[in-house]
Amino acid sequence: MSQARFMDGTALARRIVENTAERAVALTDRTGTAPCLATVLVGEDPASATYVRMKQKRCRKAGITSRHVALPAAMTTAELVGALRELSAEPAVHGILLQHPVGDHIDERAAFEAIAPEKDVDGVTFASFAAMSFARPGFVSCTPGGIMRLLDEYDVDPAGKRAVVVGRSAILGKPVGMLLLARDATVTYCHSRTRDLPSVVREADIVVAAVGRPRLIGGADIKPGAVVIDAGYNAGTATGGADVDFDSAVTRAGLITPVPGGVGPMTIATLLEQTVDAATRQLGVHGA
Ligand code: NAP
């Protein structure tokens, strides 16, 4: 029985973070200013608070300072927009991350749009989405950007390939499909209303699973030799909550991301890298 090669996101992310840390130190030495990421958390959701703390810790290790803005759960859209506009205008802040979710009573889109595009290191604004869609320079959504880096690392050229993206969220499914399209893949999106998901997945040379439903995609539906990227993650399950049934898919795929250790580490590496990119530009340094 054949066995797919693993796409090692941990190793690639480590290299990206090491390079980013070197650039952060060089930028700080040259300008006297360290790159700074502002993290904004609304409310006290324990999982979100953990994610933010993890991002701050990783920033520190990479020579990036962080400024944390903790806001009360009861705040209004207008107040959150006001806080994000202030950060957007603050010269000492180079990147802004608004932790999702912000609460149902808040218009999350309005909040995202209050982030200045040049500080949108999490790639959530319409401006960033348009740049991704038209293959123009700009910040990418971090998980989709990380997925594209993994494909490049393993010499997977999406051009001409049939890519099936399962999931269409604004932060993951939609942008990864646009990035694949920009690289000339033939892209099909699937979602909760898709009929006969297995028959669509069976056609795919590249499958991106971005749903959050453990083992939604069975190994028998993976085309032999396909590239399988699994972004699904669910901390509450013993297997990590991957969307693809790994044990059966690994015997058919050509390349596959493990969960954990595939897509996850790439997300934060992309965030750190884009924060240093943003600081480099805002501090007027070229080639750092
Ligand atoms: P989301 O906003 O909940 O979106 C889930 C998507 O899956 C939706 O588009 C939904 O369709 C679709 N879907 C739901 N049930 C389906 C079904 N039975 N068949 C086909 N499609 C179905 O989730 P998300 O934020 O994109 O995250 C998706 C997963 O990725 C989660 O496990 C999350 O934890 C993980 N994630 C990982 C990272 C990382 O760094 N590794 C980062 C972000 C997210 P509709 O649009 O029709 O509702």
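Whatever order the structure lists them in is the order used to number ligands and atoms, beginning at 1. This one's a predicted model, so the numbers in the text were calculated from it and none came from an experiment.
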Kindly check if the number of other-residue, nucleotide or ligand heavy atoms within 6.0 Å of CZ (Arg85) is above 12?
no
Just let me know how Ile171 lines up against ligand 1, side chain, backbone, both or neither, with a heavy-atom cut-off below 4.0 Å.
side chain
Identify the protein heavy atom lying closest to atom 39 (C) of ligand 1, giving its residue, its atom name and the separation to 0.1 Å.
Thr267 OG1, 3.6 Å
Identity and separation of the nearest protein heavy atom to atom 9 (O) of ligand 1
Arg168 N, 2.8 Å
Does the pair Asp277/Arg23 count as a salt bridge with the N-to-O cut at 4.0 Å?
yes
Heavy atom under 4.0 Å from ligand 1: found in Met266's side chain, backbone, both, or neither?
neither
Main-chain N/O of Thr251 paired with Ser2 side-chain donor or acceptor, under 3.5 Å
yes
If you scan protein heavy atoms around atom 26 (O) of ligand 1, the nearest is Ser169 OG, 2.5 Å
Shortest protein heavy-atom distance from atom 42 (C) of ligand 1, along with the residue and atom involved:
Thr143 OG1, 3.2 Å
heavy-atom search around atom 27 (O) of ligand 1 in the protein gives Leu172 CD2, 3.9 Å
Within the 4.0 Å heavy-atom shell around Gly264, which atoms of ligand 1 are there?
40 (O), 41 (N)
Considering distance alone, does some N or O of Gly167 sit under 3.5 Å from an N or O of ligand 1?
no
Who passes side chain to side chain donor-acceptor pair (under 3.5 Å) against Asp157, sequence neighbours left out?
none
Within ligand 1, which atoms have a heavy atom of Ala210 less than 4.0 Å away?
5 (C), 6 (C), 7 (O), 28 (C)
Distance from atom 3 (O) of ligand 1 to nearest protein heavy atom, with residue and atom
Val211 O, 4.3 Å
Where on Ile268 is there a heavy atom closer than 4.0 Å to ligand 1, on the side chain, on the backbone, on both, or on neither?
neither
Distance, nearest 0.5 Å, that separates CZ of Arg15 from CZ of Arg149:
10.0 Å
Per-atom contacts, ligand 1 versus Leu216 - under 4.0 Å to a heavy atom:
17 (C), 18 (N), 19 (N)
I need the single residue from Leu151, Ile147, Leu12 that forms a side-chain contact (heavy atoms from CB on, under 4.5 Å) with Met7. Which is it?
Leu151
Please write down residue, atom name and distance for the protein heavy atom closest to atom 37 (C) of ligand 1.
Ala231 O, 3.2 Å
For atom 31 (C) of ligand 1, what is the nearest protein heavy atom, given as residue, atom name and distance?
Gly212 CA, 3.6 Å
Only one of Val121, Asn19, Thr20 passes side-chain contact (heavy atoms from CB on, under 4.5 Å) with Val276; say which it is.
Thr20
Main-chain N/O of Pro117 paired with Thr125 side-chain donor or acceptor, under 3.5 Å:
no
Out of Ser141, Ser192, Gly9, whose heavy atom is nearest to atom 45 (P) of ligand 1?
Ser192
Taking everything shown except Arg162 itself, do over 12 heavy atoms lie less than 6.0 Å from its CZ?
no
Sidechain-backbone polar pair: Gln282 side chain, His94 backbone, donor-acceptor under 3.5 Å:
yes
Region of Val166 engaging ligand 1 - heavy atom pairs below 4.0 Å:
side chain
Quick one, Phe246 and Val259 - any side-chain contact, counting heavy atoms below 4.5 Å?
no
